[in-house]
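Before any comments, here is the structure.
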2 protein chains.
Amino acid sequence: MDSEKCRALVTAVELGSMSAAAQQLGYTASGITRMVNALEAELGITLIARTSRGVALTSDGVALEPFLRELALTAERARQQAAAAKAC
Amino acid sequence: MDSEKCRALVTAVELGSMSAAAQQLGYTASGITRMVNALEAELGITLIARTSRGVALTSDGVALEPFLRELALTAERARQQAAAAKAC
DNA sequence: GCCAGTTACGCCGACCGTAATGATA
DNA sequence: TATCATTACGGTCGGCGTAACTGGC
């Protein structure tokens, strides 16, 4: 499971939009769509409901969102720790 | 950051050997080596010291190991949560 | 028509096993 | 020489942007 995909999903949910998440994370909307699709395929469940006005979590997505957010945060903390270690 | 790479590193450290981790995780030693290399490259620091008798954490590795372990565990928990959601 | 998401296409890079190589005891 | 790690090689798969497409307002 890739932390970047988790970050993509969390950001899309927070902003309510794939496009907005793409802009914020430096991807295209196409890329974000595929990241979320890949995450859903890996887990075997649908995480977000797509509408023409944006995206929202499904009930399954609500249950998993804390784990995915935690995973993205842990990756970020690991990177910061690595940067600190490198500075020493 | 890929949770599978974190699991590879944690397992290699626990078993003290890339080959043993490979056998346990269903990879070849070559694959484990590259996973660990990729993780180190992504973080920009060396995580484990290689000897001909096996592997051991560097001091940087000791500092980061909890994060990588937590990341792998969180991914595992997410998968279990997804499986539970699918069963409902 | 506009805006959001999706998909086809093509390129490039990542991944992994096999097999050969290096290093150490 | 036996064992562990690494690397070159080849095939395959995945990721990403661009551009074309679909659906709802």
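Just so it is clear: chains get the letters A, B, ... in the order the sequence lines come, proteins before strands, and each one is counted from 1.
- The separation between B/Asn37 atom CG and C/dC16 atom P is 12 Å, rounded to whole Å.
- Summarising the geometry, the separation between CE on B/Met18 and P on C/dA23 is reported as 16 Å, rounded to the nearest angstrom.
- A donor-acceptor distance shorter than 3.5 angstrom exists from the side chain of A/Thr58 to the backbone of A/Leu47, with no hydrogens or angles considered.
- We find that CD of B/Glu4 is positioned 12 Å from P of C/dC15, with the value rounded to whole Å.
- Residues A/Cys6 and A/Ala72 come closest through the heavy atom pair CB-CB, 4.3 Å.
- One interatomic measurement links the two molecules: NZ of B/Lys5 to C1' of C/dC16, which rounds to 12 Å at whole-angstrom precision.
- A/Arg34 comes within 4.0 angstrom of a base, heavy atoms only.
- Remark on DNA chain D: of its neighbouring residues A/Gly26 and B/Thr51, the 5'-side contact belongs to B/Thr51, judged by nearest-heavy-atom nucleotide.
- With a heavy-atom cut-off of 4.0 Å to chain B, the contacted part of DNA chain D has its first and last nucleotide at D/dC4 to D/dA8.
- The base of C/dT7 has none of its N or O atoms less than 3.5 Å from a complementary donor or acceptor on the side chain of A/Thr33.
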(message) Please evaluate residues A/Leu68 and A/Leu39 with respect to the criterion side-chain contact (heavy atoms from CB on, under 4.5 Å), reporting the C-alpha separation (whole Å), side-chain torsions for both, the decisive distance (0.1 Å), and the verdict.
(response) CA-CA 10 Å; A/Leu68 305 179; A/Leu39 202 50; 4.2 Å; yes
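- In this structure, the CZ atom of A/Arg50 is 17 Å from the C1' atom of C/dC3, given to the nearest Å.
- Of the two residues contacting DNA chain C, namely A/Ser52 and A/Gly31, the nearest-nucleotide position lying further toward the 5' end is that of A/Ser52.
- Side-chain atoms of B/Thr74 and B/Glu70 form a donor-acceptor pair, as typed in the model, at a separation below 3.5 Å.
- Atom pair B/Glu42:CD and C/dC15:C1' shows a separation of 14 Å (rounding to whole Å applied).
- Distance, A/Glu40 CD to C/dG5 P: 13 Å, rounded to whole Å.
- Side-chain atoms of B/Thr28 stay outside donor-acceptor range of the base of C/dT18, with no qualifying N/O pair under 3.5 Å.
- Atom NZ of residue B/Lys86 and atom CG of residue A/Asp60 lie 10.0 Å apart, to the nearest 0.5 angstrom.
- Taken from CE in B/Met1 to CG in B/Leu71, the straight-line distance is 6.5 Å, to the nearest 0.5 Å.
- From A/Gln23, atom CD reaches atom CG of A/Leu15 across 9.5 Å, with rounding to the nearest 0.5 Å.
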